[in-house]
2 protein chains.
Amino acid sequence: MRAALERTVREEIRAGALREGVRLPSSRALADALGVSRGVVSEAYGQLDAQGFLVTRPRAAPLVAAVPRTAAPRREPEPPAPAPRFDLTPTTPDVTLFPLTRWLAAAQQVARRASSATLDYREPRGEPALRAALADHLGRTRGVIAEPEQIVVVQGTAQGIFLLLRILSARGASRIAVEDPSHTTQHERIRAFGFEVVPHPVDDEGMAVAGLDADAVLVTPAHQFPIGSVLSGERRRQLLVWSRERGGLIVEDDYDAEFRYDRKPVRALQGLSPQQVVQLGTVSKTLAPALRLGWLVVPPELADDAGHTKRLLDDFSPALDQLALAELLTRGDYDRHVRRARVAYRRRRDRLLAALAKHLPGLTIEGVAAGLHVLLRLPSGVSDAGIAEAASRARIRVPPLSAYRIRPADDGGLVIGYGRLHESAVEPATRALAKVIEAHL
Amino acid sequence: MRAALERTVREEIRAGALREGVRLPSSRALADALGVSRGVVSEAYGQLDAQGFLVTRPRAAPLVAAVPRTAAPRREPEPPAPAPRFDLTPTTPDVTLFPLTRWLAAAQQVARRASSATLDYREPRGEPALRAALADHLGRTRGVIAEPEQIVVVQGTAQGIFLLLRILSARGASRIAVEDPSHTTQHERIRAFGFEVVPHPVDDEGMAVAGLDADAVLVTPAHQFPIGSVLSGERRRQLLVWSRERGGLIVEDDYDAEFRYDRKPVRALQGLSPQQVVQLGTVSKTLAPALRLGWLVVPPELADDAGHTKRLLDDFSPALDQLALAELLTRGDYDRHVRRARVAYRRRRDRLLAALAKHLPGLTIEGVAAGLHVLLRLPSGVSDAGIAEAASRARIRVPPLSAYRIRPADDGGLVIGYGRLHESAVEPATRALAKVIEAHL
């Protein structure tokens with residue numbers, strides 16, 4: 001027994017699991033834990049001390065000594081890359097606009113008002129108050145037609161898609177169509193389920209529908225990511241017809257629909273056919289990604305399945321955060337914030353367009369009507385990845401269009417996000433980017 | 001333009017997208033949003049009021065009136081079951097003990113202190129501040145040996161187990177051993193991955209290890225659920241030997257280890273062999289389930305895989321809540337709260353034991369040393385399910401032991417939780433329960 005204990009501790013130390021300076025349990029404590037006599041443990045500790053694995057001290061728990069490890073030293077987290085001078089990441093909002101004080105005030109109020117049951121285990125689909133507020137809000141602002149029972153609160157778009165993929169997988173789906181180009185992390189999620197990712201080309205009318213052959217399709221109708229086009233009325237009709245004939249599910253990623261500048265927001269596809277479309281929404285762009293609050297609006301016949309799957313994943317989402325969002329929605333604070341943010345983003349966009357016209361007059365810009373990014377087209381034959389690398393060496397963070405492609409294409413571009421680009425930074429950022437690009441043309 | 005607006009709103013109301021009582025934007029706000037003159041909107045609102053679709057009020061935003069819908073009426077949520085007089089559910093703590101004020105204060109402080117980057121997309125494994133605080137806390141209170149890099153913050157035990165099952169599934173595992181009896185929702189999660197659930201019997205030394213044949217085993221060493229026994233030193237050694245020989249992963253569900261009354265807490269199994277054991281922890285019992293905060297402590301070689309899997313599931317957990325918990329831990333507020341709660345629960349347990357001895361002197365009680373529940377054994381041949389049903393008719397909520405069984409067994413019992421049983425309620429609850437039981441004996 002003594003030998004076994006001795007060997008175990010030695011192996012742990014050699015493997016690096018017990019690190020230098022770690023205090024081991026006292027011989028009494030360990031003896032209790034293992035149900036052996038204290039003498040056995042003291043003896044083992046003594047041996048290990050003699051062998052140089054431990055440093056034992058009278059009337060004190062022994063410490064692990066410094067010894068050569070068998071295991072490779074564990075990787076330390078990498079040092080953060082030098083912060084870019086200009087961050088043109090297209091997928092992140094300006095979190096400095098987040099109405100922190102209002103959020104905290106709402107959180108305080110709902111927490112103090114809430115019954116103690118609110119702190120207990122809750123309904124997988126989410127807080128009824130939030131689902132009711134979302135049903136009203138989405139009906140008013142997005143034309144979404146849904147009862148609260150069709151809404152499932154999720155941890156942002158990421159969990160929303162994971163949850164849907166699980167449902168589709170359980171229903172025997174095997175092919176998921178996506179826009180090409182589109183979010184690569186979503187391709188990863190789809191492949192992680194063993195699905196085939198079926199890419200469909202995108203043009204200035206949004207995703208091409210002709211020839212669509214899949215069990216479900218993931219689209220961004222309001223503002224295609226990253227091209228920026230809006231799914232045309234004709235394509236919307238085609239998509240609904242496809243869904244009806246094929247029985248395929250349409251998943252509408254409505255990620256930045258609140259930010260539309262030049263005309264009335266395009267109504268959500270879900271509102272045209274609530275039986276065929278799942279609308280996927282998030283506050284990651286309107287409030288902050290770190291809140292991890294999003295929702296699924298599912299067809300009535302999927303509602304039970306979606307709730308059951310949410311329960312499998314993590315039982316339910318944090319209740320107090322849900323109630324705080326419900327409070328902001330019902331008070332109208334959420335709408336007011338979105339309007340304020342829209343004004344700020346529009347101003348940045350206008351400045352960016354002006355600066356691009358000034359510094360890169362030869363290049364065309366697409367997808368300017370909405371969202372938090374534009375697409376700067378590059379002359380064919382120019383490597384957008386090469387330019388993005390050169391930009392990053394100049395400490396400008398901007399992704400190339402090709403990074404979002406599934407099938408390689410010969411067109412190139414830069415996906416320029418202005419969500420984080422403060423007005424004062426637009427001009428210098430554009431000038432710096434223009435310098436990098438011109439060096440490549 | 002007025003007509004178009006009027007028609008749109010009318011359709012939305014008819015379709016049920018705008019539900020009765022919903023507040024529409026003020027005519028000024030909507031006019032701004034649509035870029036039309038305010039007069040146009042007021043006129044349209046006036047028409048809709050005249051047609052009975054809206055209720056307009058001077059100097060106030062109009063409300064949607066009650067109108068017949070074109071859409072079919074959708075299913076309403078079912079009415080809640082009548083609340084039990086006595087809730088003896090074993091898996092829930094007393095959330096009225098939750099230190100709400102301290103929690104809110106900590107949340108405020110960390111939010112105000114946090115850099116704006118904290119509101120952005122974050123690291124999948126969780127906030128470094130929380131993982132560091134947990135590494136220290138778990139080392140101190142549970143003898144867990146871990147670097148912050150080995151810790152992944154998850155949405156409670158539910159997501160922790162789902163995440164591990166995904167990793168095991170990707171690694172080709174097919175058989176997961178569990179204690180019989182144990183949590184049925186965990187069996188569901190295991191089966192949802194297509195794994196075989198391999199039941200192993202439990203006695204007063206915890207789970208039997210002999211003949212264990214599985215790729216991983218899920219155990220509750222500190223306080224077996226629902227039997228309440230502690231995994232003995234001998235069984236711990238056997239389990240570690242099994243893991244080393246078979247290469248099987250040990251998942252230690254440490255769900256209520258903080259609550260031990262009659263002697264020093266048993267050190268976590270993880271501390272004996274960090275290479276072979278995953279420790280799974282949660283604040284659902286110590287603070288509140290609705291916070292959805294838990295963690296995995298994984299062996300170093302699983303850390304990257306665990307972080308990657310968390311990213312697949314939902315990117316990361318809400319950052320501000322994580323920082324609030326880190327604050328409570330580092331301030332010592334968490335420890336102080338656990339101590340206070342332990343005193344309260346011990347008092348309830350002692351009263352419960354006294355009341356059971358008085359009203360049901362013939363029956364034996366097990367698993368009293370820790371946690372939030374005890375097991376009341378029933379004479380063999382008596383149907384515990386039948387008694388639980390009778391109890392529920394008497395508005396006493398208490399689950400039968402057989403409800404947690406995988407393989408039917410001829411012993412029966414009631415799993416009596418006292419987490420929610422206020423001291424004053426112990427005596428009447430026990431008396432009422434005794435009446436139900438005696439009627440069946």
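Chain identifiers are assigned alphabetically (A, B, ...) following the order of the sequence lines, protein sequences preceding nucleic acid strands; residue numbering begins at 1 within each chain. Since the model is a prediction, treat every value here as computed from it, not as a measurement.
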Quick check: do [X] and [Y] have side-chain heavy atoms less than 4.5 Å from each other?
| X | Y | answer |
| --- | --- | --- |
| B:R267 | A:P25 | yes |
| B:R236 | A:L34 | no |
| A:R112 | B:T101 | yes |
| B:D321 | A:D321 | yes |

Toward chain B, the part of [X] with a non-hydrogen atom under 4.5 Å:
| X | value |
| --- | --- |
| A:P148 | side chain |
| A:T330 | backbone |
| A:A132 | backbone |
| A:R260 | neither |
| A:V154 | neither |
| A:R166 | side chain |
| A:L100 | side chain |
| A:L287 | neither |
| A:D335 | neither |
| A:F98 | side chain |

>> Tell me if a side-chain donor or acceptor on A:R189 pairs with a main-chain N or O of B:L312 at a distance below 3.5 Å.
In response: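 Judged by distance alone, yes, a pair lies under 3.5 Å.
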Applying a strict 4.5 Å limit to non-hydrogen atoms, the region of B:L240 in contact with chain A is neither
Which atom pair, heavy atoms only, marks the closest approach of [X] to [Y]?
| X | Y | answer |
| --- | --- | --- |
| A:T92 | B:D120 | CG2-OD1, 3.5 Å |
| B:R292 | A:S317 | CG-C, 3.7 Å |
| A:T8 | B:L272 | CG2-O, 4.2 Å |
| B:L104 | A:A107 | CD2-O, 4.4 Å |

Pick from B:R235, B:R244, B:R122, B:E12 with the largest number of heavy-atom pairs that fall under 4.5 Å of chain A
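Going by pairs under 4.5 Å, I would pick B:E12.
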With chain A, the option among B:A158, B:G294, B:S273, B:P289 that has the most non-hydrogen atom pairs under 4.5 Å is B:P289
Just jot down the ring pair (Phe, Tyr, Trp, His ring centres under 6.0 Å) partners of A:H187, sequence neighbours excluded, or say none.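 Residues passing ring pair (Phe, Tyr, Trp, His ring centres under 6.0 Å) with A:H187: none at all.
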* B:R140 atom CZ: more than 12 heavy-atom contacts under 6.0 Å -> yes
Is the number of heavy atoms from other residues, nucleotides or ligands within 6.0 Å of CZ (A:R23) greater than 12?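 Counting other residues, nucleotides and ligands, CZ of A:R23 stays at 12 neighbours or fewer.
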Just to verify, which of B:L313, B:D315, B:D314 counts as forming a side-chain contact (heavy atoms from CB on, under 4.5 Å) with A:Q159?
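When B:L313, B:D315, B:D314 are each tested with A:Q159, the side-chain contact (heavy atoms from CB on, under 4.5 Å) holds only for B:D314.
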Less than 4.0 angstrom from a charged side-chain N to a carboxylate O is my criterion; do B:E188 and A:R311 meet it? yes
To the nearest 0.5 Å, atom OH of B:Y121 lies from atom OG1 of A:T91 at 6.0 Å
